[in-house]
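Reading through the structure tokens given below for one structure.
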Protein chains: 2
Amino acid sequence: MTKILDIRPTLEDVRAALDAGAIDQASQLVANLHAADAAAILDELESDELYEVFARLNLEHGADVLIELDTDSQVELAETLTSDQLSDLLEQMEPDDAADVLVELEPAHIAATLAAMDPEDSDDVRQLMAHDEESAGGLMTSHVVTLRDRLSTQQAIDLLRGLQPEDESVYYLYVVDANDALVGVVSLRSLVMAPAQTQLSDIMDRNVITASVATDQEECARLLARYDLLALPVVDAQRRIVGAVTADDIIDVIAEEATEDMYLLANLPQDEDVEDSLFRSSRRRLFWLFVNLPTAILAAWVVSNFDGTVEKVTALVPFMPIIAGMGGNAGIQTLTLIVRSIALGEVATGQGFRALGREVGIGAINGVAFGSAIGLLGWLWQGKPMLGVVAGCAMLLNLVSAAIAGTVVPLTLKLFRVDPALASGVIVTTVTDVTGYSCLLGLATILIRYLI
Amino acid sequence: MTKILDIRPTLEDVRAALDAGAIDQASQLVANLHAADAAAILDELESDELYEVFARLNLEHGADVLIELDTDSQVELAETLTSDQLSDLLEQMEPDDAADVLVELEPAHIAATLAAMDPEDSDDVRQLMAHDEESAGGLMTSHVVTLRDRLSTQQAIDLLRGLQPEDESVYYLYVVDANDALVGVVSLRSLVMAPAQTQLSDIMDRNVITASVATDQEECARLLARYDLLALPVVDAQRRIVGAVTADDIIDVIAEEATEDMYLLANLPQDEDVEDSLFRSSRRRLFWLFVNLPTAILAAWVVSNFDGTVEKVTALVPFMPIIAGMGGNAGIQTLTLIVRSIALGEVATGQGFRALGREVGIGAINGVAFGSAIGLLGWLWQGKPMLGVVAGCAMLLNLVSAAIAGTVVPLTLKLFRVDPALASGVIVTTVTDVTGYSCLLGLATILIRYLI
């Protein structure tokens, strides 16, 4: 079986060769690898070494490697290449990959490179670059094979042999009518398996699942996952095919979107990577921690308002972390469930109230169970029954408020078309901190004569 | 474009038909839908209605729908069906799908159903059921087309037409030598495109990426994602092909694994679903909250040890939520980054120390920045410079401990082959709570004469 290549030994060999000035040898080591592995090694090199090694790869492998480089290395390298060198590489790629490389560059370099490309290729690339990167238009390749519905299977196979399409998405062949409108889909498998004289319209599946260029990439992922497809055709308003989104791109999208939601829930910068420089990472994470600061100060301010009560009943202080902490945990449970359900398409917009009712129910049940436990603890530990009542009620109220905040925050963000995970963790834990401290110290203030 | 079908209007029609006793009409509504949508509707019906509607679907559509049902409905339905009915349905499926349905049932029902199946089919299914569900063996289909390396492309196409394979994975054809060992792969595309007399060994790609039956499903997902594949062949120790894992199964795996990690980080039960019953959910979530309780009490106990200090300097209390809260946030940032990097295969086992050094560096830089801010706040708000020093130092120490805990906890769990996300959020926030309170109140105790 294959393991994901551990690139470190080869990377050391490449570095040793470079240090000895043997650039050809270094390049040869990389040339023998799968493009994804070669790119992982080049990602680790300094800008000038990267260029020297890359320049010695043959055009086809070079193009494959360029696609697989991470964005920083890709931009560094593409900016070192002349427009002519770059255009030769881009012509080897699927137009969607070429567009992904170009879109990161300076406008002048983009224009010069497009001008140096074959006009037919550059038109495709230019059109793809116009789409939002996170939409079907931004993901799709425009190289799609379409066939007229009146062809026989043998004619279709002959036509394909003549075209020699190199396309990713040729596993599905899209069947169009005289107006170029999509009427069906034939898998390459059924084309090969069918008797030679069958007409395409007899073997095609008429029920084609499609996207438009504006369809969000998450929606594309849901369609592919739900209907177990390997590719999703993208059509315009007249149902003419403009491209296709393939499963390998969607696999990346699903992993990316999940990472995005996890990072948002943890207030991590979106594109943080374990490979980033120390100062870049700390600066950007610091920003997110500073977003938390006003909310932490708000909680501190709430506490400081009960200074008199705290002074009289210091036994309350140890309960502060318990009540705020458990409220925060419960709020994050609810929040994570709702954010993930939204991402997987399980909670539609109209079903928010049902989800809210359910979460408040769970919060109340768990609040009673937990409040009783904490109440008992308060009574036995400190010997004051009323301390137990105060702590228990604060716990119950805080778990209910955790349920409300954990549901309402992400659903509200979604309603305003903001990512439901964005900063919602901060808001939810602020609500549970403020509610928890207010309830605990507020109830204690009201009932103070039973506590001292 | 297609949208994921909103099943609610059709579900209402189906329910109305069932209430009017028109089972045929209800079944007709479902029969016209894509299997995935039909299953989504059947998932919502009661057990007896589900059976009545399902029994009226034709065999082929019924099999497709049965695969797509959620596990609860699938088991309910399969237990209502006789072994003969069920075996007819399973024979329509890919063996891996049939194994997935069977594995959930009672041993007696499994044995009777396998006995009622065609022996060749049941052998395949029996073998697949033996593998771990989360391994390549559990995911793969055993229907894979293999071709001898000496065949010409035309012979291969003729052979395929004769075989009429219905397999998911026929987009790649695996080429074997005289010993049945895998020697290469030919895409269906290149088979169709190549001149008729070319020998397969001349067009095949010899560099085949493979898995073994025991390969973990996450590793399969990483291989497919890294090398942009649509299927991954599974081989035995002699490199004979035993099956293939396809991209559509991997898409589900990637989404599932991401959900699993997010839920573990939030201490949510693994298979919680917004559709679960209220009491089931609260009971299971309560368990996870109770796991948190001893750690919350530990933090409370730490605080209670400084009762004397708190009593003399109540101005410290509002800083408790700030220092513990920011430490928790920073710890969860680090933890999420490391857990996700492990899942995506970016942190290999040997690279733990590098990651630790990096995180501690970020923690120290952010600790100095944040500690200064909090120190200034402490000084200005309360008019006591030493309060600022205490709060600032506690913040710095807590952010460094957050970095250490956020890195060491998941990497240690991974070393012991436990899921790195399991309960690690609880451990990390306990460390930051305990460190934060100890540093703040401990330093205050040492420096108490400057604070009162």
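All heavy atoms count here, side chains included; hydrogens, waters and symmetry mates do not. Chain identifiers are assigned alphabetically (A, B, ...) following the order of the sequence lines, protein sequences preceding nucleic acid strands; residue numbering begins at 1 within each chain.
- A pairwise comparison of heavy atoms in P321(B) and M320(A) identifies CD-CE, 4.5 Å as the closest pair.
- Of all the heavy atoms in P318(B) and A300(A), the pair that sits closest is O-CB, 3.0 Å.
- With salt bridges taken as basic N to acidic carboxylate O contacts below 4.0 Å, none links E311(B) and K312(A).
- Using cut-offs of 30° and 60° for the angle between ring planes, the F290(B) and F370(A) rings count as parallel.
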side-chain contact (heavy atoms from CB on, under 4.5 Å) between L293(B) and I374(A), intermediate numbers included: CA-CA 9 Å; L293(B) 191 59; I374(A) 294 297; 3.8 Å; yes
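- Within the 4.5 Å cutoff, no side-chain heavy atoms of Q333(B) are placed close to those of Y263(A).
- Here E257(A) pairs with Q217(A) under the side chain to side chain donor-acceptor pair (under 3.5 Å) rule; sequence neighbours left out.
- The shortest side-chain heavy-atom distance between T334(A) and R285(B) falls under the 4.5 Å cut-off.
- The parts of N366(B) that come within reach of chain A are both its backbone and its side chain, each placing non-hydrogen atoms under 4.5 angstrom from that chain.
- Using a 4.5 Å cut-off between heavy atoms, L224(A) contacts chain B through its side chain alone, with no backbone atom that close.
- Both the backbone and the side chain of D228(A) have a heavy atom closer than 4.5 Å to some heavy atom of chain B.
- D236(B) is linked by a salt bridge (charged side-chain N to carboxylate O under 4.0 Å, His left out) to R240(B), counting only residues two or more places apart in sequence or in another chain.
- A side chain to side chain contact (heavy atoms under 4.5 Å, CB included) with I251(A) is found for exactly one of I251(B), L229(B), L230(B), namely I251(B).
- Listed here is the closest heavy atom pair of A258(A) and R340(B): CB-NH2, 3.8 Å.
- The part of I365(B) that comes within reach of chain A is its side chain, from C-beta onward, which places non-hydrogen atoms under 4.5 angstrom from that chain.
- Of the listed residues L286(A), V303(A), I322(A), T336(A), the one with more heavy-atom pairs under 4.5 angstrom with chain B than any other is L286(A).
- Between the CG atom in N207(B) and the NE2 atom in H34(A) there is a gap of 7.5 Å [rounded to 0.5 Å].
- With a 4.5 Å cut-off on non-hydrogen atoms, A373(B) touches chain A through its side chain but not through its backbone.
- Contacts with chain A were tallied for A255(B), A136(B), S282(B), A221(B); S282(B) has the most, counting heavy-atom pairs under 4.5 Å.
- For the set I332(B), L232(B), L335(B), N329(B), the count of heavy-atom pairs under 4.5 angstrom toward chain A peaks at N329(B).
- Within the 4.5 angstrom heavy-atom criterion, only side-chain atoms of Y437(A), from C-beta onward, approach chain B.
- Neither the backbone nor the side chain of A324(A) has a heavy atom closer than 4.5 Å to any heavy atom of chain B.
- Listed options V234(A), I297(A), L191(A) were ranked by heavy-atom pairs under 4.5 angstrom with chain B; first place goes to I297(A).
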side-chain contact (heavy atoms from CB on, under 4.5 Å) between Y227(B) and D37(A), worked out: CA-CA 9 Å; Y227(B) 299 112; D37(A) 298 324; 2.8 Å; yes
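- Per-residue heavy-atom pair counts under 4.5 Å with chain A were compared for F319(B), W381(B), W301(B), and the maximum is reached by W381(B).
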